[in-house]
Protein chains: 2
Amino acid sequence: MRIIQSDCEVIYDGRGHTELARGIRLILIKDDGTVIIHRTTGVKPTNYMGSVVSFDEYDDGERHVILAKSKKEQLMIINYNMVVDVRMPKIPDDADFNNVGTERQQQEWLSRHFHEVFGESNVYIMREFQTGDGSCDLLGYDTVHKRAVLIEVKRKAVKKDVYQVLRYRDAVMKAAVERKHGILDQIPSGDYSLSMFDKPHLILAAESVSRGVENECEQHGVKFVCTGTEWRHDTVPNSVARKDVNKYATRTDANDLEPVSSSLFDDNE
Amino acid sequence: MRIIQSDCEVIYDGRGHTELARGIRLILIKDDGTVIIHRTTGVKPTNYMGSVVSFDEYDDGERHVILAKSKKEQLMIINYNMVVDVRMPKIPDDADFNNVGTERQQQEWLSRHFHEVFGESNVYIMREFQTGDGSCDLLGYDTVHKRAVLIEVKRKAVKKDVYQVLRYRDAVMKAAVERKHGILDQIPSGDYSLSMFDKPHLILAAESVSRGVENECEQHGVKFVCTGTEWRHDTVPNSVARKDVNKYATRTDANDLEPVSSSLFDDNE
DNA sequence: TCATCCATGTCGGAT
DNA sequence: ATCCGACGTGGATGA
């Protein structure tokens, strides 16, 4: 990791084009080549670039230019005064990162508490049902009316989400009309018929809701169901460890790192 | 700006809950209180927090704990070994950030090249037309059929975007049915009647398009129009300067900053 | 590679 | 304060 504090201009060109006028910023260059440029306020960097393929660095009399290129983009940092330019040792970090409270977990919890939340007459079929135009979070079956139940899960539902369900409805109804039986193949025990998609029930299930969503639901024949917050306390683990870390560094213990006074000035790799 | 390299655990709790196991990370604490924690690879931080209200910091024999709180969230950083902990002077940065190639600029360009792109019979009325359920990028008028033209602009259109137009159509048709004349108030020279929204024309205008979008458009009576890339070279400026910067620092010139050897160890504010 | 969808999304603008 | 939509969205996942 290289850390630079510099009076600089930044020009990005690629998917878009940005120019950041001269000022003092903090620049990080990570071990994998990632470049991140931060101003003094705010969570998001003004500029950044991942998947860097090559670095060019040269002095121009007045300016020290750093040019990072990826496949289709480039980031030019024109430094007028690099106040700080230090490198820290490359350190691996394969620690677990556990994230609780994702929509995925909410979805999984609902699959396990299906009757309780959606009623006795509805049975759970599967998660991530491919409609032909995106995947619907939960697919159920209304045993009374013999219809599919399409359920979109959100933590906080907004009006736009109603249309996401309508999109899934259009897709499965299209499959039903066009007799595309392939859509049934993904259902585990396949004793269902295509006709269940003729007029599917639609549900938007969320923990909380923006104003006007219930109204929007009503107007479009979508049922709104509140999931509550119980799912947050009964989640499947979600740990993710980085696997690619040892590409960039060998194992190091923090105690082996140089103390501040010398490590910060190790300007060599 | 404070920069910490530390062997630490991180626990976030708020909208979600995350736990990052022990490892060596880089921690930034910006002048506005923003906290950002980066691992050795990747563009995005593992943890972050903006709008910080208070910091708590205490030693626990073994560990040095930093606790940042915002209104509804908190971020606990448990440090086992702070290898680096330096503060850089607070520096203002009110420089312009200019972003070229935004949808906003594409929208503005289309408003200036309306006939050329959408045809002679269509006239431009306004941008950001409030439909009652979200704002439609462009509102035009078909002088032949005497209908409103609702246009959604995208750089790259995907199938979901078709439904965004349908949503605006539903909203304005609802206004027409319910005789809500208020929707006309936002039109500059208001010699239009509510009936123009009875059966509006729908257009999705984009520079490029994902596979299947034209098909989706056809099925829902939406016309797809390709905008080309010309707009990228004829844009209105989009500069944004930070206004709140001087809250956090007074003006400083890079040349006034301490050279590396001393500034990094200025551990006082 | 492309398409889709989530995100502790963040951010800016408008109501 | 909330709602709304864009973003150089990034990142993961499945086809």
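Each chain gets a letter, A, B and so on, in the order the sequences are listed, and its residues count up from 1.
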Looking at A/G42, is its backbone amide N or carbonyl O close enough to the side chain of B/D32 to form a donor-acceptor pair, meaning the two atoms are under 3.5 Å apart? yes
Where protein sits on nucleotides 1-6 of chain D, one letter per nucleotide: B base, S sugar-phosphate only, - none, heavy atoms under 4.0 Å: S-SSSS
A/Y48 has a side chain; which of D/dG8, C/dT10, D/dG11 sits nearest to it? D/dG8
Rounded to the Å, how far apart are A/Q107 CD and D/dA12 C1'? 14 Å
What is the distance from CG of B/N215 to P of C/dA3, rounded to the nearest Å? 14 Å
Send over the distance from A/Q130 CD to C/dC5 C1', rounded to a whole Å. 11 Å
What's the CG-P distance between B/N98 and D/dC7, to the nearest Å? 14 Å
Is the backbone N or O of B/G101 less than 3.5 Å from a side-chain atom of B/R155, with the two atoms forming a donor-acceptor pair by type? yes
Would you measure the distance from the C1' atom in D/dC7 across to the matching atom in C/dC5 and give it in whole Å? 15 Å
Over how many whole Å does the gap from A/R127 atom CZ to D/dA12 atom P extend? 18 Å
Over 60° means perpendicular and under 30° means parallel, so tell me whether B/Y124 and B/F114 are parallel, tilted or perpendicular. tilted
Could you check whether A/N47 gets within reach of a base, just the sugar-phosphate, or nothing at all, counting any heavy atom under 4.0 Å? base
Do A/R112 and A/D234 touch side chain to side chain, with heavy atoms closer than 4.5 Å? yes
Would you kindly give the CD-to-C1' distance between A/Q186 and D/dT13, to the nearest whole Å? 15 Å
In whole angstrom, give me the gap between the C1' atoms of C/dC11 and C/dA7. 14 Å
Can you check whether B/N99 has a side-chain N or O nearer than 4.0 Å to OP1 or OP2 of D/dC7? no
Would you compute the distance between atom CG of B/L138 and atom CD1 of B/I151 and round it to the nearest 0.5 angstrom? 5.0 Å
Any B/R15 side-chain nitrogen or oxygen under 4.0 Å from OP1 or OP2 of C/dT10: yes
Using the C1' atom in both, what is the distance from D/dA6 to D/dG10, to the nearest Å? 14 Å
Start at the 5' end of DNA chain C and walk down; is the nucleotide closest to A/V43 or to B/G212 reached first? B/G212
In whole angstroms, the gap separating P of C/dA7 from OH of B/Y12 amounts to 12 Å
Round to the nearest Å and state the distance from A/E128 atom CD to C/dA3 atom C1'. 14 Å
So how far is it from B/F97 CZ to A/E19 CD, rounded to the nearest 0.5 Å? 10.0 Å
Measure the OG1-CD distance between A/T102 and A/Q105 for me, rounded to the nearest 0.5 Å. 3.5 Å
Determine the Euclidean distance between corresponding C1' atoms of C/dC6 and C/dT10; express it in Å to zero decimal places. 14 Å
